Amino acid sequence: MSRPLPLALAQLPPRPAHAPLSGFAAEAESILARFPHTRMAVFPELHLCGVDTLGAEAHEQLREIAEPLDGPRVKELAELAGDLGVWLLPGSVCERGPAGELFNTALAFSPQGQLAAWYRKVFPWRPSEPYDPGDRFVVFDVPEAGRIGFAICYDAWFPEVARHLAWRGAEVIVNPVMTTTSDRAQEVVLARANAIVNQVHVVSVNTAGPLGSGHSLVVDPEGRIRAEAPGDGTTILTDVIDLDDVTRVRTHGTAGVNRMWDQFTDTDAPIELPLYGGRIDPRTWRPGV
């Protein structure tokens with residue numbers, strides 16, 4: 001059995017926050033004209049929310065452009081996905097929460113023009129990011145392919161995110177990124193590690209230069225890089241992943257050896273996790289507290 005999912009990863013500079021969405025629509029239409037078999041188009045973190053300043057002024061701009069999920073931006077993006085007839089993942093946006101929060105929220109729109117899923121970044125990059133943290137892990141289903149999970153940028157540094165997504169059935173983790181710093185090399189290692197230890201595909205799409213450091217990539221469930229942008233230049237990275245590779249690897253083992261999801265037997269005693277107490281509690285996060 002094969003469950004192919006043709007992807008297009010748009011390693012592009014962010015669009016100005018106040019720019020009309022017609023420019024983004026033109027970007028997406030151009031990608032699909034070049035790669036008409038694409039079923040899912042994926043864009044970087046905050047691709048539609050570029051700001052032209054730093055520090056407190058940038059934070060204020062982000063708050064100004066934030067919209068609720070029932071606002072005009074989401075409605076227009078849903079219509080675009082329906083017009084294009086693809087799964088549209090436009091990166092993350094600044095969301096104004098119901099109590100006035102500011103969330104960094106990844107969106108997924110179906111080919112039918114519906115908002116299929118949204119995920120609020122659980123681990124904002126502190127102290128640089130002004131966002132309130134989300135409180136849940138999110139997966140969604142793509143018919144005839146499989147289950148997709150979201151992790152935004154710095155989330156990838158916390159193995160709990162990828163593990164919970166895999167535990168919830170994700171076979172692909174989509175990781176929209178806006179990495180502007182010198183640690184993209186480490187993020188590439190993390191993408192491979194998260195794929196290996198959870199036996200999932202990882203799709204990490206970063207912002208292009210001059211702002212971003214690029215190096216977008218697609219990783220298979222055994223940690224092999226299937227496709228990678230060689231630098232930070234503007235490019236469209238394409239691949240066709242087969243989600244049935246996850247079934248194969250989990251059945252027969254990574255490198256034919258390791259089957260972590262079959263580690264335990266019914267007679268094994270539970271293992272206490274004193275770090276968590278059953279959950280991540282920020283008050284007890286640091287070792288020894």
Side-chain angles (χ1 to χ4, degrees), residues 1-9 37-43 81 86-89 91-92 106-112 114-119 121-122 134 136-153 155-177 187-205 216-228 237-264:
M1 178 180 176
S2 181
R3 292 180 285 140
L5 182 61
L7 301 170
L9 282 62
H37 297 293
T38 298
R39 192 175 180 199
M40 179 176 286
V42 187
F43 292 80
V86 299
W87 283 91
L88 180 64
L89 279 58
S92 62
L107 305 173
F109 297 92
S110 74
Q112 291 74 40
Q114 300 294 322
L115 177 60
W118 65 92
Y119 164 71
K121 189 175 185 178
V122 169
R136 67 199 63 191
F137 306 111
V138 172
V139 297
F140 62 96
D141 292 321
V142 173
E144 300 178 1
R147 183 163 289 180
I148 315 295
F150 269 131
I152 301 174
C153 202
D155 286 331
W157 289 75
F158 295 84
E160 297 82 3
V161 176
R163 179 53 53 94
H164 275 82
L165 292 172
W167 179 77
R168 294 195 62 193
E171 297 164 293
V172 183
I173 295 175
V174 173
N175 181 218
V177 175
E187 290 181 343
V188 169
V189 174
L190 289 171
R192 299 184 68 185
N194 283 326
I196 292 168
V197 300
N198 295 292
Q199 295 177 323
V200 295
H201 299 272
V202 172
V203 174
S204 180
V205 54
S216 300
L217 72 160
V218 179
V219 185
D220 80 1
E222 295 185 89
R224 290 184 289 258
I225 296 177
R226 293 179 49 90
E228 182 177 14
L237 193 66
T238 61
D239 195 12
V240 181
I241 59 175
D242 186 350
L243 275 64
D244 205 48
D245 282 344
V246 173
T247 303
R248 173 184 58 79
V249 172
R250 291 181 179 177
T251 300
H252 300 287
T254 299
V257 177
N258 297 299
R259 294 163 56 240
M260 303 87 66
W261 294 104
D262 293 325
Q263 172 68 20
F264 299 109

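The figures here come from the full heavy-atom set of this structure, side chains too, leaving out hydrogens, waters and symmetry mates. Nothing here was measured: the structure is a model prediction, and the numbers come from that model.
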Query raised in the report: OG1/Thr254 to CZ/Arg259 distance, rounded to the nearest 0.5 angstrom?
Result: 10.5 Å

Query raised in the report: So how far is it from Ile148 CD1 to Phe150 CZ, rounded to the nearest 0.5 Å?
Result: 9.0 Å

Query raised in the report: When you check the gap from the basic side-chain N to the acidic O, do Arg250 and Glu171 get nearer than 4.0 Å?
Result: no

Query - Any side-chain heavy-atom pair of His201 and Ile173 under 4.5 Å - result: no

Requested in this report: For Phe137, check ring-ring contact (aromatic ring centres under 6.0 Å, His included) against everything at least two apart and list the hits.
Outcome: His164

**Report entry** All ring-ring contact (aromatic ring centres under 6.0 Å, His included) counterparts of Phe43, not counting sequence neighbours
**Finding:** Phe24, His47

Report task. For salt bridge (Lys or Arg N to Asp or Glu O under 4.0 Å), just list the numbers for Asp239 and Arg226, CA-CA rounded to whole Å, side-chain angles, deciding distance to a tenth of an Å, and then say yes or no. Result -> CA-CA 8 Å; Asp239 195 12; Arg226 293 179 49 90; 2.6 Å; yes

Query - Between CG on residue Leu5 and CD on residue Glu144, distance to nearest 0.5 Å - result: 11.5 Å

Query raised in the report: Out of curiosity, Gln199 CD to Asn194 CG, how far, rounded to the nearest 0.5 Å?
Result: 13.0 Å

Query raised in the report: Under 3.5 Å, is there a donor-acceptor pair linking the side chains of Asp242 and Ser2?
Result: yes

Query raised in the report: Are Ser216 and Glu228 close enough that a side-chain donor and a side-chain acceptor fall under 3.5 Å?
Result: no

Query raised in the report: Can you list the residues that meet the side chain to side chain contact (heavy atoms under 4.5 Å, CB included) rule with Thr251, with sequence neighbours excluded?
Result: Thr247

Report task. May I ask you to check whether Trp118 and Phe140 place their ring centres under 6.0 Å from each other? Result -> no

Requested in this report: Hey, could you give me the CE/CG distance between Met40 and Leu89, rounded to the nearest 0.5 Å?
Outcome: 5.0 Å

Query raised in the report: What's the spacing between Asp220 CG and Ile241 CD1 if we round to 0.5 Å?
Result: 10.0 Å

Query - Worked verdict on Glu222 versus Arg248 for salt bridge (Lys or Arg N to Asp or Glu O under 4.0 Å) - result: CA-CA 10 Å; Glu222 295 185 89; Arg248 173 184 58 79; 3.6 Å; yes

Query raised in the report: Does Arg163 make a cation-pi contact with Trp261 (under 6.0 Å, within 45 degrees of the axis)?
Result: yes

